[in-house]
Amino acid sequence: MSGQREPIAVIGTGYVGLVTAAGFAELGNEVWCVDVDADKIAQLERGEIPIYEPGLGESIERCKDRLHFSTELAPALEHARLLFVAVGTPPTYSGDADLSAVHAVVDSMPPSDRHALVMKSTVPVGTGASIRRELDARGKGGFSYVSCPEFLKEGSALEDFLHPDRVVVGDVGDWAGDAVVELYAPLEASLVRTDIASAEMIKLAANAFLATKISFINEIANVCEATGADVQEVARGMGLDRRIGTHFLRPGLGFGGSCFPKDVSALKQLAGNSGYHFQLLTAVIEVNELQKRRVIAKLQKHLGTLVGKTVTLLGLAFKANTDDMREASSLVLAARLQADGARVRAYDPIAEEEARKLMHGVEFADSALEAAKGADALVVVTEWPEFADLDWARVAEVTSGRILIDGRNFIDGAKAQAAGFVYEGIGR
Ligand SMILES: NC(=O)c1ccc[n+]([C@@H]2O[C@H](COP(=O)([O-])OP(=O)(O)OC[C@H]3O[C@@H](n4cnc5c(N)ncnc54)[C@H](O)[C@@H]3O)[C@@H](O)[C@H]2O)c1
């Protein structure tokens with residue numbers, strides 16, 4: 001099969017780039033991976049996977065003969081026509097997307113009549129048009145350009161790549177768009193082939209809509225708390241309406257991660273820069289920020305002042321099944337607790353190494369039980385499956401206080417209460 005499949009290149013071997021590379025390698029493509037991070041490339045060449053993503057290591061091992069890693073662009077340009085760009089586009093201080101890594105890739109391209117840049121990175125609408133102008137102005141007009149936004153979720157990224165809800169291809173109708181469509185054909189996914197600007201907007205609008213759903217159910221949760229309704233029941237009753245759907249109606253500590261916060265903010269800024277004030281997104285962002293802080297008020301309700309109190313955070317990653325700490329709610333919580341004079345202890349089964357780079361003055365433990373020792377209160381921040389299976393009677397024996405705040409409505413409250421905990425979730 002590999003003989004007939006188009007060889008491709010992937011530039012940027014982070015969460016999206018590595019998964020894209022492994023996914024296409026699974027489909028039989030030779031994949032030439034390039035990254036500026038020499039340590040990461042060295043790790044990958046040794047067969048080590050620099051990120052935690054279920055199934056990714058096994059996939060890369062299975063397909064190792066078709067995967068090539070280098071810090072050099074030349075082998076990729078030699079072997080592949082389609083160059084998938086999966087570099088980071090983090091937020092700037094103003095909330096716009098930082099496109100410096102994307103521009104560095106564009107600048108590094110030599111003139112060519114047989115290559116295409118295929119943009120997987122999430123970029124503002126108009127980026128494709130501006131890259132086109134840049135390429136033309138620098139004598140690289142022979143380059144084709146395709147927008148192919150990525151919708152995978154960390155934690156189930158490879159599965160999402162192989163079974164996408166849809167594939168979006170934005171192009172000008174030339175060979176490169178056809179080749180990208182052909183590449184994805186074995187996945188038999190719904191195809192949205194459209195213009196470049198619309199493809200760019202589909203990605204931003206989809207993430208903004210999902211973030212809106214989260215902030216909406218969080219506000220409903222807050223009203224439930226004030227009125228005596230149970231948001232879990234409300235979300236179930238709402239979600240069964242097919243026009244609404246059950247996904248992303250999970251109340252909690254707000255959204256984090258490398259995508260939602262930055263993409264919502266980038267869309268809001270993009271609208272503002274284009275002369276339109278996107279009121280709804282302003283509220284979505286504000287609700288999300290306030291939601292992370294509501295746990296502090298819950299703790300104060302039970303503990304009074306937090307000065308000198310020990311609070312244990314169970315889970316630090318922005319969600320389960322990832323080691324990604326970008327914009328994790330735990331970062332805001334730990335900082336707020338410390339500012340209020342609390343001592344913060346923490347446990348995460350996977351993300352501790354990343355967390356240590358970002359959190360200071362936090363005591364890390366090797367297990368949930370150890371982290372709970374001597375704590376006045378516990379806060380479930382990430383819905384790691386192992387927390388659902390905790391022996392709460394055993395946990396109660398080692399804590400000083402019996403306050404359990406479930407920031408993800410994930411723990412069996414009755415079990416925790418039977419073990420002597422005062423249990424409080426979100427919105428119920
Ligand atoms: N992480 C997700 O869940 C997700 C999902 C969909 C879309 N996206 C988008 O995909 C893009 C990549 O996200 P990510 O989470 O994989 O980022 P990441 O930070 O994990 O990886 C980016 C990689 O690009 C490399 N890089 C930077 N500049 C480079 C250059 N000039 N040449 C080669 N490599 C370079 C970095 O060293 C890094 O390894 C972003 O635009 C993001 O918004 C991410």
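Counting starts at 1 for both ligands and their atoms, following the listed order.
- Closest to atom 4 (C) of ligand 1, if we only count protein heavy atoms, is Cys259 SG, 3.2 Å.
- The proximity of Ser121 to ligand 1, defined as any non-hydrogen pair under 4.0 Å, involves the side chain as well as the backbone.
- Under a 4.0 Å heavy-atom criterion, Lys153 is not in contact with ligand 1.
- For Arg326, every heavy-atom contact with ligand 1 shorter than 4.0 Å involves the side chain, none the backbone.
- Closest protein heavy atom to atom 21 (O) of ligand 1: Gly14 CA, 3.2 Å.
- With 3.5 Å as the limit, one finds no donor-acceptor pair spanning the side chains of Trp32 and Ser70.
- Residue Ala86 touches ligand 1 through its backbone alone, judged by heavy-atom distances below 4.0 Å.
- The option from Val106, Thr122, Val10 that lies nearest to atom 7 (C) of ligand 1, judged by heavy atoms, is Thr122.
- Annotation: atom 22 (C) of ligand 1 to nearest protein heavy atom, Gly88 N, 3.6 Å.
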Report the C-alpha separation of Ile350 and Thr322 in whole Å, then their side-chain angles, then the decisive distance to 0.1 Å, and conclude whether the side chain to side chain contact (heavy atoms under 4.5 Å, CB included) test is met.
CA-CA 7 Å; Ile350 295 290; Thr322 182; over 6 Å; no

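- In terms of modelled atom types and a separation under 3.5 Å, the side chain of Ser59 and the main chain of Gly55 share no donor-acceptor contact.
- Considering backbone and side-chain atoms together, Asp37 places no N or O closer than 3.5 Å to any N or O of ligand 1.
- Annotation: atom 13 (O) of ligand 1 to nearest protein heavy atom, Val16 CG2, 4.1 Å.
- Looking from atom 37 (O) of ligand 1 to the surrounding protein, the closest heavy atom is Asp35 OD1, 2.6 Å.
- Heavy-atom proximity to atom 12 (C) of ligand 1, evaluated over Val87, Ile11, Val105, is greatest for Val87.
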Going through the distances and angles, do Glu150 and Cys259 end up as a side chain to side chain contact (heavy atoms under 4.5 Å, CB included)?
CA-CA 11 Å; Glu150 183 53 60; Cys259 290; over 6 Å; no

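- Within the cation-pi definition used here (under 6.0 Å to the ring centroid, within 45° of the axis), Arg345 does not qualify as a partner of Phe364.
- Proximity of Lys203 to ligand 1, defined as any heavy-atom pair under 4.0 Å, is confined to the side chain (atoms from C-beta onward).
- With a 6.0 Å radius and a threshold of 12 heavy atoms from other residues, nucleotides or ligands, Glu182 has its CD atom at or below the threshold.
- What sits closest to atom 6 (C) of ligand 1 on the protein, heavy atoms only, is Glu150 O, 3.3 Å.
- Of the protein's non-hydrogen atoms, the one nearest atom 1 (N) of ligand 1 is Glu154 OE2, 2.7 Å.
- Residue pairs meeting the ring pair (Phe, Tyr, Trp, His ring centres under 6.0 Å) criterion with at least one partner in residues 195-222, sequence neighbours excluded, do not occur; the list is empty.
- In this model, a donor atom of one side chain and an acceptor atom of the other lie less than 3.5 Å apart for Glu386 and Tyr347.
- Between Asp263 and ligand 1, a contact under 3.5 Å exists for no N or O pair.
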